[in-house]
Amino acid sequence: MNKFLVFFATCLSGLLIGPLSLADRGPLLARQALHHPVISESGMVVSQDMIASRVGAQILAQGGNAIDAAVATGFALAVTLPRAGNLGGGGFMMVHLAESNKTIAIDYREMAPAEAFKDMFLDTEGDVDNLKARFSIFSSGVPGTVAGLVHAQENYGVLSLKRVLEPAIKLARDGFTLSPDLSDSLRSRAERLQRDPSSKKYFYKADGSPYLHRDILVQKDLANTLKRIMTSKGKDFYQGKTANLIVEQMQRSGGLISKQDLANYEVIERTPVCGSFRDHRLCAMPPPSSGGVHLVQMLNILEGSDLKAMGHNSAAYIHHLVESMRRAYADRSLYLGDPDFFPVPVEQLIDKSYAAHLRQQINPKASSRSVNIKPGLRETAQPVEHNEQSESTETTHFSTWDRWGNVVSNTYTLNFSYGSGISVGGAGFLLNNEMDDFSSKPGFPNGYGLVGGIANGIQPGKRPLSSMTPTIVFDPKGEPMLATGTPGGSTIITIVMQILLNVIEFEMTIAEATASPRIHHQWLPDNIYYEPGLSEDSKAILREMGHILNDSTGRLGAAQSIYRNVDGRLHGAADSRRQGAGAVAAENP
Ligand code: DON
């Protein structure tokens, strides 16, 4: 099995929800978990972890709004889902504010340290040193999560920061019962995590053995870090004791993040990338995410075809998806990067007439070959070589919605599962390996097989290009209708698009839209990833059309969505592809 397949098999696997330890998590949850989808009129939280969803729902029930709930959920996930929930990573939060009818994009992506430089991950032969890029002290960008969550809460929340942080502090200080999922995950990553003495101490028993399902995981250092964040309103992380602990960790192994880097970290509010599909408007994350741009671009291409008549997951439908994906990901490789460092041609890429031009290239009867597809705005780009890569990865998405109609769609990450594997000694949290999302060498793929060039090259203070696509969709009247997003590295954008198409074009419920088999294509490598459940007929016809199918694809993503029905009720859909996810309604607000 080639390496890229291993990535999909390991990163994206995870079957139906296993025997969640409901007894440990209270009778309320047992009732909620058994009713799928969860429906509510008073607010909803959907996340990858039931405990964290419950924290968010309780904040809603206490009078908090969607932003308070999102921040509380985000901090709780940093405790209960250490593989992806985080303090040491970064992410993106889309917020729709009901009263002002405004949608904003909060960018709290990691930034490259001031001492980072273009070739920092190249060895003496000029090849990319993947271990250095992914599993070393150099793999981490300056974390943005704490600044991002505090920014959101202070500017758009209604409760105090103390109130939304308290549940996470309590979970870290008093401990929580390990789910089968967390105990399996820690066991499977033992070798890597135990190489770092702090990670070994934080996530394994004193004798090095893994915690088992039903054991209690107490994280004292993390609780203290969270407390300092609470009392300093986040400042401690960037300029106080936590900042010192991060810098000391860097100094122990020659890492680059300095006090100045931490003090200079900036959250940026950006204008979302918005587009339309049929009579629905959607807003998603702009660069430094590639998500919003290519989501809108692909939908623009597809809007010109009668997808409904083709039939869901028919060969004709998948062919059109793939040909639009192929062209969007080709463009991604050349034009996308941090907009503060590279002039990303967003307007051109999401222009409907550019989409029409790309659509004309699609032969409805035959597959094109990726080697023949170049980034499309200019015809000057050279085809790039492609080497396949692998790694197990993890990111996490959560959506929140309150009774006033405020909506949050948030995706954040350490990049790979447990990031670089290195924890900040004394501070209790893992560091990201987001520096691998940069393009270390033109044409050389990162951990997701994605290639890039100058637009996404490493520069001090720059944010690595992301695929994270937190999205909010509006109904024809302009009211928010759907909040969704997913982990899945390069597959994120195509997964989010399929959820949107399932809901808008094929009129599925959000539960159906989430569960339906997904496909993915990313230009390079030139093959279609697909989930079990795709019909043999469709596969045979696709092969006849010239497509190459990847028969070893694992599960694609884990979307956590909230859909507002025409009757105003909220339907929460937790993706069952990975264990432990949960939709929780806010009761009696
Ligand atoms: O920002 C990105 O695009 C990646 N660091 C996301 C990683 C991810 O989704 C891993 N999850 N499976």
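When a ligand or atom number is given, it counts from 1 through the structure's own listing order.
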Is it the case that the side chain of Gln498 and the backbone of Ile519 share a donor-acceptor pair, with hydrogens and angles ignored and the cut-off at 3.5 Å? yes
Out of all atoms in ligand 1, which are within 4.0 Å of some heavy atom of Tyr448? Include the element for each. 7 (C), 8 (C), 10 (C)
Have a look at ligand 1 and work out which part of Phe416, if any, has a heavy atom under 4.0 Å from it: side chain, backbone, both or neither. neither
Testing the 3.5 Å rule here: is there a donor-acceptor pair between the side chains of His397 and Ser399? yes
Based purely on interatomic distance, does Thr413 place a nitrogen or oxygen under 3.5 Å from a nitrogen or oxygen of ligand 1? no
Pairwise side-chain contact, Tyr529 with Thr491, heavy-atom cut-off 4.5 Å (strictly under): no
What atoms of ligand 1 come within less than 4.0 Å of a heavy atom belonging to Pro487? 9 (O), 11 (N), 12 (N)
If we only count N/O pairs under 3.5 Å, is Gly488 in contact with ligand 1? yes
Please examine the side chains of Glu269 and Ile104, heavy atoms only from C-beta on, and report whether any two atoms are closer than 4.5 Å. yes
One pair to check against salt bridge (charged side-chain N to carboxylate O under 4.0 Å, His left out): Asp575 and Arg518. What are the steps and the verdict? CA-CA 12 Å; Asp575 201 322; Arg518 298 166 181 160; 3.0 Å; yes
Under 4.0 Å, heavy-atom basis, I'd like to know which part of Arg109 is in contact with ligand 1: side chain, backbone, both or neither. side chain
Below a 4.0 angstrom heavy-atom separation, can you tell me which part of Leu465, side chain or backbone, both or neither, approaches ligand 1? neither
Non-hydrogen side-chain atoms of Ser423 and Asp196 separated by less than 4.5 Å: yes
Among Ile472, Leu295, Leu482, Thr484, which residue meets the side chain to side chain contact (heavy atoms under 4.5 Å, CB included) test with Leu282? Leu295
List every atom of ligand 1 that sits less than 4.0 Å from any heavy atom of Asn415, numbering the atoms from 1 in the order shown and giving each element. 4 (C), 5 (N), 7 (C), 10 (C)
Looking only at heavy atoms, is any part of Thr395 under 4.0 Å from ligand 1, and if so is it the side chain, the backbone, or both, or is it neither? both
Ligand 1 atoms in contact with Ile492 (distance to a heavy atom under 4.0 Å): 9 (O)
Which of the numbered atoms in ligand 1 are below 4.0 angstrom from a heavy atom of Met468? 1 (O), 3 (O)
Could you tell me if the side chain of Thr395 sits less than 4.5 Å from the side chain of Arg83, heavy atoms only? no
